[in-house]
Amino acid sequence: MTYADSSGVDWARIREDFPILREQVRGQPLVYLDNAASSQKPRAVMDALVEFYEHSNANVHRGLHELSSRATDAYEGAREKVARYLGAACAEEIVFTRGTTEGVNLVANAWGNASLKAGDVILLTEMEHHSNLVPWQMLAARTGAQVRYLPVTAEGELALEELDTFLTPAVKIFAFTHISNSLGTINPAAELCRAAKKVGALSLLDAAQSAGHCPVNVREIGCDFLVFSGHKMCAPTGIGALYGRRELLDSLPPWHGGGEMISSVTYEGATFKSAPYRFEAGTPNIAGAVGLGAAIDYIEAIGREAIFAHDSALVDYAQERLAELPGLHVLGPRRGRGGLVSFSMDAAHPHDITTYVDRFGVALRGGHHCNQPLMRKLRLPGTTRASFYFYNTQSEVDRLIEVLQEVQRFFA
Ligand code: PMP
């Protein structure tokens with residue numbers, strides 16, 4: 001089998017938009033396969049940041065001067081782009097956050113503190129990233145609610161036949177990942193949200209691994225909340241967003257207090273702005289939001305279907321080639337996975353593999369991938385992960401295989 005992509009996109013030209021991909025690492029051309037941790041940034045996003053700082057920089061929503069209104073327009077314009085990108089009904093459904101982690105913490109606090117009591121259940125899955133797990137455990141400790149986990153099968157998929165057993169009327173929220181960052185599994189988000197709704201539970205989708213990789217539409221999926229991080233989809237670090245259904249967000253109390261989120265303040269107390277502003281206390285990451293808007297423009301110009309087709313073809317090819325290596329075991333489903341592949345090798349520990357391949361300029365990730373409970377369940381110390389994005393190439397996969405063969409020789 002060879003890498004086959006029928007999108008017609010000129011991926012080689014697109015790769016040129018990423019200056020860092022021309023970097024030499026340890027005297028070798030960089031092969032960057034750690035995109036699930038963070039993606040690289042195209043020139044267009046960097047230019048948008050420079051343009052903002054050179055021509056529009058000021059605080060938002062405050063000053064009555066020209067630069068402040070330019071900055072406010074840029075920031076609110078980015079919110080509208082995020083809303084359109086996710087298929088939200090309006091920009092008021094989008095809260096800017098630092099990323100996925102902050103989005104989950106916001107919901108766990110603003111919604112969870114007031115809504116949960118002893119006996120209630122927070123349903124997660126066994127494949128959740130720590131950021132969609134620890135905030136819920138902390139909420140459970142505060143409220144007396146219980147956290148339960150929909151199991152993962154030996155094939156690395158959710159045990160959907162057990163869904164009805166777990167999704168009881170005691171479940172108040174079902175929070176799950178769209179694409180697993182360690183297994184690559186794509187979960188049937190719309191089906192899971194429908195099932196949650198049937199028992200009266202809210203749903204939260206962790207779109208950290210999907211928002212920049214495939215079409216994601218909140219109304220088609222039917223989730224109540226969705227969280228994602230900009231830095232995994234060509235935007236700067238420190239910016240992301242929470243989507244929440246408008247009437248739901250409007251019904252929630254603020255989480256952080258401070259400037260920007262109030263209507264009025266006295267020495268005795270305060271009243272708060274409507275959503276999303278009541279959730280954005282203090283000066284926000286204005287340039288980050290502008291960068292996220294530029295990243296969305298960039299990704300949409302390529303097309304999310306084309307990106308998904310490219311990543312899928314590359315990961316299929318990678319799986320074929322990895323199968324050539326004796327003693328290498330790929331985790332997760334064989335087909336229908338996101339653009340990443342996690343594996344273990346009899347030859348060496350994931351940390352040793354990752355450190356060794358770095359000598360050849362190949363950037364992988366090795367370890368538990370913030371999935372410690374899942375790794376414990378799978379009885380693995382961790383895995384080695386190669387994760388792709390649209391600028392990766394078939395020859396980079398070939399280079400990965402060559403370097404893994406070196407690993408086998410070195411650790412034999
Ligand atoms: N969820 C998933 C599935 C992830 O892959 C990640 C990042 N590895 C996160 C949540 C956390 O994202 P962030 O660190 O950007 O908040």
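Every value quoted in this text rests on a predicted model; they were computed, and no experiment measured them. Both backbone and side-chain heavy atoms feed into the values below; hydrogens, waters and symmetry mates do not. Nothing fancy with the numbering, it's 1 onward along the sequence. Whatever order the structure lists ligands and atoms in, that order sets their numbers, starting from 1.
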Margin query: Can you confirm whether R399 is buried at CZ, in the sense that more than 12 heavy atoms of other residues, nucleotides or ligands lie under 6.0 Å from that atom?
Written below: yes
Hey, is CZ on R365 packed in by over 12 heavy atoms from elsewhere, all under 6.0 Å?
no
Between [X] and ligand 1, which residue portion shows a heavy-atom distance shorter than 4.0 Å: side chain, backbone, both, or neither?
| X | result |
| --- | --- |
| E102 | neither |
| R98 | neither |
| D206 | side chain |

- prompt: Is E396 salt-bridged to R15, going by a charged N under 4.0 Å from an acidic O?
  reply: yes
Answer yes or no for [X]: is there a heavy-atom contact with ligand 1 below 4.0 Å?
| X | result |
| --- | --- |
| N132 | no |
| S131 | yes |
| H369 | no |
| H130 | no |

**Request:** For R142 and N109, test the side chains for any donor-to-acceptor distance below 3.5 angstrom and give the result as yes or no.
**Result:** yes
- Report yes or no: do T237 and H231 form a side-chain donor-acceptor pair below 3.5 Å? no
Quick one: does NZ or CZ of R304 land under 6.0 Å from the six-membered ring centre of F390, within 45 degrees of the ring axis?
no
| Are R70 and Y75 in a cation-pi setup, meaning NZ or CZ lies under 6.0 angstrom from the ring centre and within 45 degrees of the ring axis? | no
How far is [atom] from the closest protein heavy atom, and which atom is that?
| atom | answer |
| --- | --- |
| atom 14 (O) of ligand 1 | T101 OG1, 3.7 Å |
| atom 8 (N) of ligand 1 | K232 NZ, 2.8 Å |
| atom 4 (C) of ligand 1 | H129 CD2, 3.4 Å |

Under a 4.0 angstrom heavy-atom cut-off, which atoms of ligand 1 come close to [X]?
| X | value |
| --- | --- |
| S229 | 12 (O), 13 (P), 15 (O), 16 (O) |
| Q209 | 3 (C), 4 (C), 5 (O) |
| H231 | 15 (O) |

Does any N or O of ligand 1 fall below 3.5 Å from an N or O anywhere on T177, backbone included?
no
Any chance you could lay out the side-chain hydrogen bond (donor to acceptor under 3.5 Å, both in side chains) test for N35 and H213, step after step, and finish with the verdict? CA-CA 11 Å; N35 294 286; H213 289 261; over 6 Å; no
Here the gap from H310 atom NE2 to F308 atom CZ, rounded to the nearest 0.5 Å, amounts to 13.0 Å
